[in-house]
J.: 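Dropping a structure here in structure tokens format, bear with me for questions.
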2 protein chains.
Amino acid sequence: MATAWEQSYLTLRRRLADGTYPAGSRLREEELAAQLGVSRTPIREALRRLDAEGWLRVVPNQGAFAAEWSRQDIEEIFDLRALLEAHACEQAAMRPTATGVAALFAACEAGEACMPASTLAAMETVSDANVRFHQTIWEMSGQARTRSMLGTLAVPPMILRNFRHFDEANLRRSLAQHREMAAAIASRNPSLAGAVMRAHVEAGKAIFLAAAPQGTTGAAT
Amino acid sequence: MATAWEQSYLTLRRRLADGTYPAGSRLREEELAAQLGVSRTPIREALRRLDAEGWLRVVPNQGAFAAEWSRQDIEEIFDLRALLEAHACEQAAMRPTATGVAALFAACEAGEACMPASTLAAMETVSDANVRFHQTIWEMSGQARTRSMLGTLAVPPMILRNFRHFDEANLRRSLAQHREMAAAIASRNPSLAGAVMRAHVEAGKAIFLAAAPQGTTGAAT
DNA sequence: TCGGTGCCTTCTGCATACAATCGCAGAGCG
DNA sequence: CGCTCTGCGATTGTATGCAGAAGGCACCGA
């Protein structure tokens with residue numbers, strides 16, 4: 001087993017992502033320690049890292065609060081994702097690996113196999129395939145910092161759940177773009193791959209903003 | 001006074017930046033605690049954050065090691081800076097503030113006043129003005145995540161000290177670009193401001209790579 | 001002489017204890 | 001009636017102690 005603080009970090013991050021701790025809610029150290037069966041020390045170290053990565057905000061002498069995301073935050077995150085994902089995509093297209101390309105096409109097929117995604121389970125599968133597709137590109141880029149930055153940008157709840165706002169047509173467009181990117185990467189075409197990725201992320205941004213018209217979006221959504 | 005762990009974090013980060021702790025060197029908790037006059041607990045929390053930000057690498061049961069930067073790391077960092085600094089620059093040009101623009105021009109003049117920067121002290125002044133210029137743009141962008149990401153990208157020793165590689169002509173070019181960006185921001189021209197910033201960072205990358213031809217660059221340089 | 005094994009030292013990982021701080025409630029006062 | 005100030009409870013901040021892992025070194029055997 002890994003260190004206790006690392007385990008705590010992973011558990012807390014997952015819970016922050018899936019909405020167990022609503023945006024803005026306070027996280028008390030002792031309570032978390034009891035829940036995870038460790039002492040406050042590793043919890044505090046996990047909280048420091050989550051703070052550094054933007055998952056929560058630690059106020060001295062007041063404690064940790066799950067991050068809240070304003071509309072501006074969302075826009076910024078999508079903009080940064082557009083920049084960084086496109087960069088990663090271009091890098092991946094410069095030196096595609098056989099296993100990486102295979103993984104990309106596998107993710108494409110896994111997603112397409114569920115279409116039309118009428119049931120909730122099918123949506124989950126499509127969403128998982130989507131995450132795998134993007135993560136594969138991050139890996140293929142070979143850019144460690146880009147990967148870790150995207151890891152902290154692309155996982156917040158509202159991004160992960162954006163798929164809920166996708167209708168049938170948008171899902172198909174998204175999957176088609178995935179396939180287009182996979183082909184561009186396989187054929188070593190960085191500018192095409194990057195351009196499609198930019199369009200892909202921008203489309204997601206538009207859908208999200210249209211679905212969440214105003215104000216701050218807590219985890220209540 | 002702020003919390004001990006925050007103070008420790010700032011002190012350690014400064015020392016990592018200025019080379020007090022050479023790249024690859026091990027940082028022992030008890031030693032740091034003694035140096036900073038605190039116990040190991042706040043030191044550990046500071047180390048966790050420095051790890052998350054890429055300043056050092058913490059290996060379980062082995063301790064913390066000051067980060068080492070390969071040539072690939074350097075290239076990636078400059079590439080990311082080019083993306084993010086240009087983004088910040090565009091954002092700043094969309095809503096320039098009077099005080100921000102004034103600060104930009106002030107930084108320009110502070111740098112130009114030292115030219116030709118023959119003495120070491122003059123170089124320091126130019127370097128400080130350079131840092132202030134960039135940080136002002138980050139602030140003006142109003143993008144919190146962009147700012148914090150750039151904060152972790154633009155400070156590593158080899159970036160900060162890149163000025164040492166600038167000759168007279170490059171310094172003048174750099175200062176001229178600063179003035180061009182300030183003007184573009186003041187006149188609300190995002191695409192010009194962003195393009196100049198991209199060129200500015202790319203030029204720095206080229207100079208750095210030319211000066212450090214190969215291999216990993218520890219703090220020995 | 002070389003490889004392996006077991007001890008030993010050192011340092012990190014975690015738990016616990018104590019100190020400091022903050023927010024809040026209620027009393028006292030204007 | 002409203003304001004302020006103080007005391008208390010709760011929670012975070014820091015220090016310390018102990019257990020366990022990693023690496024080094026000596027000793028032993030081949």
Side-chain angles (χ1 to χ4, degrees), chain A residues 1-16 19-68 148 216 218-219, chain B residues 1-16 19-68 148 216 218-219:
Chain A
M1 161 175 156
T3 59
W5 80 261
E6 208 162 353
Q7 288 288 78
S8 305
Y9 160 74
L10 291 173
T11 303
L12 293 177
R13 195 180 69 172
R14 184 160 33 79
R15 293 190 181 177
L16 285 164
T20 304
Y21 305 125
S25 65
R26 180 175 182 176
L27 284 75
R28 269 170 303 152
E29 297 176 358
E30 201 153 3
E31 188 179 327
L32 300 176
Q35 287 176 12
L36 304 190
V38 297
S39 80
R40 282 176 51 215
T41 308
I43 293 290
R44 285 176 63 84
E45 293 178 10
L47 290 178
R48 291 293 170 274
R49 184 166 190 118
L50 292 165
D51 180 31
E53 292 180 351
W55 287 94
L56 43 80
R57 188 173 39 96
V58 172
V59 182
N61 291 313
Q62 289 193 32
F65 300 84
E68 300 182 83
S148 82
T216 74
Chain B
M1 163 177 154
T3 59
W5 80 263
E6 207 163 353
Q7 288 288 78
S8 304
Y9 161 75
L10 292 173
T11 302
L12 292 177
R13 194 180 69 172
R14 183 158 33 80
R15 293 190 181 177
L16 285 164
T20 304
Y21 304 126
S25 64
R26 180 175 181 177
L27 284 75
R28 269 170 302 151
E29 298 175 355
E30 201 153 3
E31 188 178 326
L32 300 177
Q35 288 176 12
L36 304 191
V38 297
S39 81
R40 282 176 51 217
T41 307
I43 293 290
R44 284 174 62 83
E45 294 179 9
L47 291 178
R48 292 294 171 272
R49 187 171 187 115
L50 291 166
D51 181 32
E53 292 181 350
W55 287 94
L56 42 80
R57 187 173 41 96
V58 172
V59 182
N61 291 314
Q62 289 194 31
F65 300 85
E68 301 182 83
S148 83
T216 73

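Chain A is the first sequence line, chain B the second, and so forth, proteins listed ahead of strands; every chain is numbered from 1.
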J.: What is the distance, rounded to the nearest whole Å, between atom CZ of B/Phe65 and atom C1' of D/dG23?
T.: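 Distance, rounded to whole Å: 11 Å.
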J.: Partners of B/Arg28 by side chain to side chain donor-acceptor pair (under 3.5 Å), sequence neighbours excluded?
T.: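 With sequence neighbours excluded, B/Arg28 shows a side chain to side chain donor-acceptor pair (under 3.5 Å) to B/Glu31, given in chain and number order.
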J.: At less than 4.0 Å, is any side-chain N or O atom of B/Thr41 found next to OP1 or OP2 of D/dT14? Yes or no.
T.: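 So the side chain of B/Thr41 is outside the cut-off, no N or O lying under 4.0 Å from OP1 or OP2 of D/dT14.
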J.: Do the charged groups of A/Arg49 and A/Glu45 touch, with an N to O distance under 4.0 Å?
T.: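 The answer is no: the pair does not qualify as a salt bridge.
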J.: Take the protein atom CZ of B/Arg49 and the nucleotide atom P of D/dG13, then report the distance between them rounded to whole Å.
T.: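 These atoms are roughly 13 Å apart.
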J.: For B/Arg40 and C/dA15, what is the distance between atoms CZ and P respectively, to the nearest whole Å?
T.: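 That distance rounds to 14 Å.
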J.: Is it the case that the side chain of A/Arg26 and the backbone of A/Gln62 share a donor-acceptor pair, with hydrogens and angles ignored and the cut-off at 3.5 Å?
T.: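 It does hold such a pair.
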J.: For the side chain of A/Arg26, starting at C-beta, report the closest nucleotide among C/dA15, D/dT11, D/dT14.
T.: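 The listed nucleotide nearest to A/Arg26's side chain is D/dT11.
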J.: Would you jot down, in residue-number order, the residues of residues 27-37 of chain A having a non-hydrogen atom under 4.0 Å from DNA chain D?
T.: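 Nucleic-acid contacts, sorted: A/Leu27, A/Arg28, A/Glu29.
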J.: Counting just side-chain N and O atoms, does B/Arg44 come under 4.0 Å of either OP1 or OP2 of D/dA15?
T.: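 No, because none of the side-chain N or O atoms of B/Arg44 sits under 4.0 Å from OP1 or OP2 of D/dA15.
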J.: Working note: B/Ser8 + B/Leu10, criterion side chain to side chain contact (heavy atoms under 4.5 Å, CB included); need CA distance, chi angles, decisive distance, verdict.
T.: CA-CA 5 Å; B/Ser8 304; B/Leu10 292 173; over 6 Å; no
J.: Are B/Gln35 and B/Arg15 linked by a side-chain donor-acceptor pair shorter than 3.5 Å?
T.: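 Yes, because at least one side-chain N or O of B/Gln35 sits under 3.5 Å from a partner of the opposite role on B/Arg15.
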J.: Go nucleotide by nucleotide along DNA chain C from the 5' end; which of A/Trp5 and A/Asn61 gets its closest nucleotide reached first?
T.: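 Of the two residues, A/Trp5 wins.
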J.: In whole angstrom, what separates B/Tyr9's OH from D/dG13's P?
T.: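 One finds 17 Å between P of D/dG13 and OH of B/Tyr9, rounded.
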J.: To the nearest 0.5 Å, what is the distance between CG (A/Leu56) and CZ (A/Arg48)?
T.: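 Going from CG on A/Leu56 over to CZ on A/Arg48, the span is 9.5 Å.
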J.: B/Glu6 CD to D/dT12 C1': how many Å, rounded?
T.: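 From B/Glu6 CD to D/dT12 C1': 14 Å.
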J.: Please state how far atom CD1 in B/Ile43 lies from atom P in D/dG13, giving the value in whole angstrom units.
T.: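 Atom CD1 in B/Ile43 sits about 16 Å away from atom P in D/dG13.
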J.: With respect to the phosphate group of C/dG23, does any side-chain polar atom (N or O) of A/Gln62 fall under 4.0 Å of OP1 or OP2?
T.: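 Yes, within the criterion.
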J.: Name the closest nucleotide to the B/Val38 side chain, picking from C/dT12, D/dA15, C/dT16.
T.: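 Shortest atom-to-atom distance from the side chain points to D/dA15.
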J.: With rounding to the nearest 0.5 Å, note down the distance linking CZ in B/Arg44 to OG in B/Ser39.
T.: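 Interatomic distance, B/Arg44 CZ to B/Ser39 OG, rounded to 0.5 Å: 10.5 Å.
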